Amino acid sequence: MNLELTLSSLVLKAVNELYGITAEPNQVQIQKTKKEFAGDLTIVVFPFVKAARLSPEHTGQQLGEYLQKNNVLITDFNVIKGFLNVTINKSYWITILQQIHTNTTFGIIEAEKNAPLMMVEYSSPNTNKPLHLGHIRNNLLGHSIAEIQKANGWKVVKTNIVNDRGIHICKSMLAWKLFGNGETPETSGMKGDHLVGKYYVTFDQKYKAQVNDLIKKGISEEDAKKSASLMVQAQQMLLAWEQGDNEVRQLWETMNSWVYSGFDQTYRQMGVSFDKIYYESQTYLEGKHEVERGLNLGIFYSREDGSVWANLTSDGLDEKLLLRADGTSVYMTQDIGTAKLRYNDYPINKMVYVVGNEQNYHFQVLANLLDKLGFEWGKSLVHFSYGMVELPEGKMKSREGTVVDADDLMQEMIETARETSQELGKLDECTASEINQISSMVGMGALKYFILKVDPRKNMTFNPKESIDFNGNTGPFIQYTHARIKSVLRKANDQHIDFSTLNINVEISEKEGYLIQLLTEFPAVIRQAGEEFSPALIANYIYDLVKEYNQFYHDFSILKEENQDVRQFRLVLSDSIASVIKTGMNLLGIEVPERM
RNA sequence: GGUCCCGUAGCUCAGCUGGAUAGAGCAACGCCCUUCUAAGGCGUGGGUCAUGGGUUCGAAUCCCGUCGGGAUCACCA
């Protein structure tokens, strides 16, 4: 039984015996004692002062005396205003540390055989352009959430829905066909996804020129956009694609294969992966079937032009298009199909979509439509809605060329890490491949931590002109602390110091006791991060821990400590902290080096 | 216009299921390497928690209004 629960029930007993009231467990508020006061845990006494008919100070005093008398772990207490601060026996903390140190999966709950299954969809790229900073946030969140849920005992299937078809794909295909002169990744030396992206931009430029010409000829902007020949051709291409036209399909497969090899490279660098990938081209027909079924059931209706709609106004939503007049499908259509196929493929208990908050409405509608179509899990889907990454001047706009490319950014981070190591002379004794490995870890660590430490629900700002920091509240700071601990442990090992056992009665400082207390919070942090879908909670926790540890490291010596028991204790403490750093950072998808 | 989200130090962010004097990092300034990795530690300055009300013993946190910013309501995805 953990300390807080023990204390909590003891407080309930105390108020019952002292004041004759039966308090609810949630009235007992126990929190960590603020640093400026003596004590480990604080009980808020305000909820009981009425029943006690005493001043808050008096009530606190009485409760404190009762607690100390009835719990051997409490060695001392003090009351400030209405706050009762209790001090816990140091040997208790040492016992706890011993347990943590010997527990190789501290904080982690491994999935049991019959554990529930969570499917996490993330990434979901379009195959018409390379990944950018927005995708990075999505991928890092998706990967981290999957890891966190695994650590909370779920079975997790990571999935990706690739938007490999649709009008936008046809645009880059058409532009390549018209203006590409047969260019390939090989002939151009470009990464496949970047090459295809180039033609998507080409389409946009040429199309805009056509529209402007038409407007100059006196055609309205609206009509010009519809009748520009590039748009008409793209729509014809989409239709040809849906009808299985050989030539179009071949071009499509070729260009998509270029994109996939580019994406693979990006995903590898990012350190993310998937257990099962769905392709829109393989799910949209299922979606169409479902829409037609809904139409037959009278859930949906068709308009005169043949388009199919859902009327959701009675649910507070709008009317939603599900099939265009020409019979081609839209985003929503395929999402319905994909959902159905997934539930056929896996015994899903919880479906999580990691998708930006700009699509909040889309998922409201999706849940509603699935529900209407009779899927009982429709309403229970989770849209893990995260905020946008913005530049100081606002949203990234591909048309204005302000998009931060994922590959470029990752490369820059790794280069910066390499240069920094070199300037500081940190890796002078390492081989070239070690230097590569560590630079990659540190550069990616800086990027990942920068993104994951902020509350996922909130929009965040990224300033490309100021490179991501390596000092302070950053990934490298945490990695560095880990490396320093590992260095000490290596030296202990060289000196054949065995620290497998602890003397429970060793004298420890406040700081050391506090570090153990922090360690004990780790499992609860993982639980909460899972419940709230927030990697940021883990990031912030690890930062607090590391900051405290660095103060300890500065103020106390470990290997030079003469008292053997104390030295053992500090080694065990450091080792345990290194483990928690590593586990926590791994939950964020960040690796930690042995040296840096 | 309807719906939803956000506003905390110069900048980037914590804190938000109500609790003590609102915390970090960056930036600025000043200290600390003959001592286990200075990517570190210590210190100084910096706040009307957008704003006005309300609930409460107690509000950055909960409720209502106002102002400011954003998202969305597409035969885009």
Side-chain angles (χ1 to χ4, degrees), chain A residues 26 29 31 33-37 42 44-47 49-50 56 80-83 85 124 126 128 163 166-169 226 235 280 303 305-309 316-326 328-332 334-335 356-362 364-365 385 387-388 390 392 394-395 417 420-421 423-426 442 446 450 453-455 457-463 466 468-481 483-492 536-537 539-540 543-544 547 550-561 570 574 595-596:
Chain A
N26 63 16
Q29 297 175 52
Q31 48 198 248
T33 301
K34 288 209 161 202
K35 271 190 179 167
E36 54 265 44
F37 305 110
T42 296
V44 184
V45 305
F46 291 109
V49 295
K50 227 176 215 171
I80 296 167
K81 295 183 183 174
F83 299 90
N85 306 317
S124 313
N126 295 334
N128 62 344
N163 269 289
I167 188 74
H168 53 297
I169 311 295
K226 281 184 194 158
Q235 274 158 354
E280 185 183 321
R303 291 188 180 171
D305 61 1
S307 57
V308 179
W309 295 74
L317 303 166
D318 290 300
E319 293 181 273
K320 186 73 194 175
L321 175 88
L322 297 173
L323 286 176
R324 295 192 186 97
D326 65 3
T328 56
S329 61
V330 293
Y331 184 42
M332 189 60 77
Q334 66 89 12
D335 252 357
N357 61 15
E358 56 192 354
Q359 292 190 36
N360 286 353
Y361 181 73
H362 174 83
Q364 240 180 300
V365 173
S385 163
M388 301 289 96
E390 290 169 348
K395 266 189 98 170
T420 308
S421 303
E423 277 166 29
L424 297 173
K426 294 282 185 181
V442 174
F450 177 84
K453 77 173 177 187
V454 334
D455 184 340
R457 291 179 298 263
K458 289 189 177 171
N459 289 357
M460 64 180 292
T461 309
F462 174 79
N463 190 343
E466 300 167 12
I468 293 173
D469 253 299
F470 282 58
N471 303 316
N473 186 358
T474 66
F477 167 73
I478 293 165
Q479 291 171 317
Y480 173 70
T481 305
R484 284 214 297 198
I485 296 175
K486 285 296 177 178
S487 171
V488 173
L489 296 177
R490 273 195 303 274
K491 287 192 168 124
L537 296 177
N540 291 327
Y543 174 67
D544 282 343
K547 196 173 151 50
N550 275 326
Q551 289 168 358
F552 161 76
Y553 181 93
H554 181 267
D555 294 342
F556 297 81
S557 44
I558 301 168
L559 294 172
K560 295 206 171 78
E561 169 60 44
R570 288 181 185 160
S574 300
R595 63 185 85 226
M596 68 183 268

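Since the structure is predicted, the reported quantities are computational estimates derived from the model, not experimental observations. Reminder, nothing fancy here: chain letters follow the sequence lines and each chain counts from 1.
Partners of A/Lys560 by side-chain contact (heavy atoms from CB on, under 4.5 Å), not counting sequence neighbours, listed by chain and number: A/Ser557.
Using a 4.0 Å heavy-atom criterion, one finds that A/Asp544 contacts no nucleic acid atom at all. Looking at heavy-atom distances under 4.0 Å, A/Phe477 makes contact with sugar-phosphate atoms alone, never a base. Residue A/Lys426 is classed as a base contact, given a heavy-atom separation below 4.0 Å to a base. Residue-level contact check: A/Ser421 touches the bases, meaning some heavy atom is under 4.0 Å from a base atom. Counting non-hydrogen atoms under 4.0 angstrom, A/Met388 reaches nothing in the nucleic acid. Among the atoms of the strands shown, only primed sugar atoms or phosphate atoms (P, OP1, OP2) are found under 4.0 Å from some heavy atom of A/Tyr361. Within the nucleic acid shown, A/Gln359 comes within 4.0 Å of at least one base atom, counting heavy atoms only. Within the 4.0 angstrom heavy-atom criterion, only backbone atoms of the sugar-phosphate kind lie near A/Thr461; the bases stay farther away.
A/Asn459 contributes a side-chain N or O that, together with a main-chain N or O of A/Met388, makes up a donor-acceptor pair within less than 3.5 Å. In this structure a side-chain-to-backbone donor-acceptor pair under 3.5 Å is missing from A/Ser487 to A/Ala483. Looking only at distances, no side-chain donor or acceptor of A/Lys453 sits under 3.5 Å from a matching main-chain atom of A/Tyr543.
Ranking B/A77, B/A38, B/G70 by closeness to the A/Tyr480 side chain, first place goes to B/A38. With B/A77, B/C13, B/A39 as the candidates, the nucleotide lying closest to the side chain of A/Val454 is B/C13. Among B/G15, B/G40, B/A39, the nucleotide with an atom closest to any side-chain atom of A/Val442 is B/A39. Of the candidate nucleotides B/C36, B/G41, B/G15, B/G15 has the atom lying nearest to any side-chain atom of A/Leu537.
Nucleotides B/C11 and B/A27 are separated by 16 Å at their P atoms, to the nearest Å. Between B/C63 and B/C13, the distance separating the two C1' atoms is 27 Å to the nearest Å. Nucleotides B/C49 and B/A60 place their C1' atoms 5 Å apart, quoted to the nearest Å. One P atom belongs to B/G25, the other to B/A71, and the distance between them is 33 Å to the nearest Å. Straight-line distance between the C1' atoms of B/G45 and B/G2: roughly 48 Å, to the nearest whole Å. Atom name P, nucleotides B/A50 and B/A22: the rounded distance is 15 Å, in whole Å. Here, B/C64 and B/C6 have their P atoms 13 Å apart, quoted to the whole Å. The same atom, P, is picked in B/A24 and in B/U44; the two are 11 Å apart, to the nearest Å.
Taking the six-membered ring where tryptophan is involved, the planes of A/Tyr331 and A/His362 are essentially parallel, since the angle between them stays under 30° and well short of 60°.
The interatomic distance linking A/Asn463 (CG) with B/U12 (P) rounds to 9 Å, in whole Å. Straight-line distance from the CG atom of A/Asn471 to the P atom of B/A39: 8 Å, rounded to whole Å. In this structure, CD of A/Glu358 is placed 8 Å from C1' of B/A71, rounded to the nearest angstrom. The separation between A/Asp455 atom CG and B/C13 atom C1' is 10 Å, rounded to whole Å. Atom CD in A/Glu423 sits about 14 Å away from atom P in B/G40, given to the nearest Å. Per the geometry, CD1 belonging to A/Ile468 stands 15 Å off P belonging to B/U12, to the nearest Å. Atom-to-atom, CG of A/Asn550 to C1' of B/C36 comes out at 13 Å; the value is rounded to the nearest Å. Whole-Å rounding puts the A/Asp555 CG to B/C42 C1' distance at 9 Å.
Checking A/Lys560 against A/Gln235, the closest nucleotide of RNA chain B that is more toward the 5' end is the one next to A/Lys560. Closest-nucleotide positions on RNA chain B for A/Glu280 and A/Tyr543 were compared, and the one nearer the 5' end corresponds to A/Tyr543.
Syn is the conformation of B/C33, whose glycosidic angle sits no further than 90° from 0.
Checking A/Asn360 against A/Ser385 by side-chain atom types alone, a donor-acceptor pair falls below 3.5 Å. Looking at A/Arg324 and A/Thr328, their side chains do bring a donor and an acceptor atom within 3.5 Å of each other.
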Are there any protein N/O atoms within less than 3.5 Å of an N/O atom in nucleotides 5-11 of chain B, and if so, which ones and at what distance?
none

What pairs of nitrogen or oxygen atoms, one from the protein and one from nucleotides 17-21 of chain B, lie under 3.5 Å apart?
| unit_1 | atom_1 | unit_2 | atom_2 | d |
| --- | --- | --- | --- | --- |
| B/G19 | N7 | A/Gln29 | OE1 | 3.3 |
| B/G19 | N7 | A/Gln29 | NE2 | 3.4 |
| B/A20 | N6 | A/Thr42 | OG1 | 2.9 |
| B/A20 | N6 | A/Asn85 | OD1 | 3.2 |
| B/A20 | N1 | A/Asn85 | OD1 | 3.3 |
| B/U21 | OP1 | A/Lys81 | NZ | 2.8 |

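If you take CD on A/Gln364 and NZ on A/Lys320, they are separated by 11.5 Å, rounding to the nearest 0.5 Å.
Salt-bridge annotation for A/Arg457 and A/Asp455: present, with a side-chain N of the basic residue lying under 4.0 Å from a carboxylate O of the acidic one.
Close to B/A39, at under 4.0 Å from its OP1 or OP2, lies no side-chain N or O of A/Arg484. One finds a side-chain N or O of A/Lys491 lying less than 4.0 angstrom from the OP1 or OP2 phosphate oxygen of B/U37. Between A/Arg324 and B/A77, a side-chain N or O to OP1/OP2 separation shorter than 4.0 Å is present.
Under a cutoff of 6.0 Å and an axis angle of 45°, A/Arg570 and A/Phe556 do not form a cation-pi pair.
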